[in-house]
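Just follow the structure's listing: the first ligand is 1, and inside any ligand the first atom is 1.
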Amino acid sequence: MIRAIVTDIEGTTSDIRFVHQVLFPYARQHLDSWILRNIEQPEVVQALDNLKSERGQPEADTASLISVLHRFMDEDRKSTALKALQGMIWREGYLNGSFTGHLYPDVVPALKRWQQQGLALYVYSSGSVPAQKLLFGYSDAGDITGLFSGYFDTRTGAKRETGSYQQIASQLGLEGQQLLFLSDIHQELDAAKQAGWHTLQLIRGEADSVSVHPQVSSFEQINPEKV
Ligand SMILES: CSCCC(=O)C(=O)COP(=O)(O)O
Ligand SMILES: [Mg+2]
């Protein structure tokens, strides 16, 4: 029996185009000036120190770190340091009204229904936990953070690694068979399935004929009692 649902964001609750055509360009456009303006903020120092560690370059200067961050953005690298900094930059965009977090219209009614059924709801995304809270806190449907009991990001591990799902299950005190993971990416679902989780693939756009996971095109089609 499913006790908790863990959802991906990009391509699952929210349009990939919002992430790739709104959020990522905003971070790219503001990255250099934002870092230089905030270089002494402890969370920025921490993220840049983490980037130096990720790169094995403890002596790297700010200019070379900024250039690494641009390369990571070009490659859509799920670097924890980049994701932390993107989240900090997006905060300004949400607060100044540049954008709101996109949600497919079927998402909030389903989340509310599942919560009323007694299921606990969680998020697992490569976006940092603060970035996840911003997207759901300043979403098209207003602040829906109250629907979630917790958030996981790459600090728990990469989304295509089975160990990440074992780690999340252990932190939630649940068995894999009590957990359902929703994602658009079959490699992420493969990793979750390997950890014993139930899986459902969201097909919001292009078909995925290689996937072995059950597929739906909307949260409306999901009945957690029948997975
Ligand atoms: C918090 S929304 C931004 C998501 C993001 O930064 C990202 O890289 C999406 O990665 P995911 O693994 O969730 O597809
Ligand atoms: Mg996704």
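Hydrophobic clustering (ILVMFWY, side-chain heavy atoms < 4.5 Å, transitive): I2 and V107 are in one cluster. In the hydrophobic cluster analysis, where Ile, Leu, Val, Met, Phe, Trp and Tyr join through side-chain heavy atoms closer than 4.5 angstrom, L189 is grouped apart from I185.
Counting heavy-atom neighbours within 6.0 Å of E40 CD, excluding the residue itself, gives a total of 12 or less.
In this structure a side-chain-to-backbone donor-acceptor pair under 3.5 Å is missing from R204 to D184. Between the side chain of Q215 and the backbone N or O of D208, at least one donor-acceptor pair lies under 3.5 Å. Proximity of a side-chain donor or acceptor of Q221 to a complementary backbone N or O of S217 within less than 3.5 Å is detected.
The Mg ion (ligand 2) has an N, O or S atom of D8 inside 2.8 Å of it.
With ligand atoms numbered from 1 in the order given, ligand 1 contributes 7 (C), 8 (O), 9 (C), 10 (O) to contacts under 4.0 Å with heavy atoms of K78. Close approach of ligand 1 to K159 (heavy-atom distance below 4.0 Å) involves ligand atoms 11 (P), 12 (O), 13 (O), 14 (O). Those atoms of ligand 1 that come under 4.0 Å of a heavy atom in L135, given as number and element, are 2 (S).
Only the side chain of D8 comes within 4.0 Å of ligand 1, judged by heavy-atom distances. Using a 4.0 Å cut-off between heavy atoms, F24 contacts ligand 1 through its side chain alone, with no backbone atom that close.
Nearest protein heavy-atom contact of atom 14 (O) of ligand 1 is E10 CB, 3.6 Å. Atom 12 (O) of ligand 1 has as its closest protein heavy atom S126 OG, 2.4 Å. In this structure, the protein non-hydrogen atom closest to atom 13 (O) of ligand 1 is S125 OG, 2.9 Å. Among protein heavy atoms, atom 6 (O) of ligand 1 sits closest to K83 NZ, 3.0 Å.
Between the side chains of Q86 and K83, at least one donor N or O sits under 3.5 Å from an acceptor N or O. With no hydrogens or angles considered, no side-chain donor-acceptor pair links Q194 and D190 at under 3.5 Å. Between the side chains of Q178 and H198, no donor-acceptor pair is found at a separation under 3.5 Å.
For ligand 1, the polar-atom distance check finds no N/O of Y124 at less than 3.5 Å from any of the ligand's N/O atoms.
For W90, the closest heavy-atom approach to ligand 1 falls below 4.0 Å.
One finds an angle of 90° at the Mg ion (ligand 2) between O on E10 and OD1 on D184, to the nearest 10 degrees.
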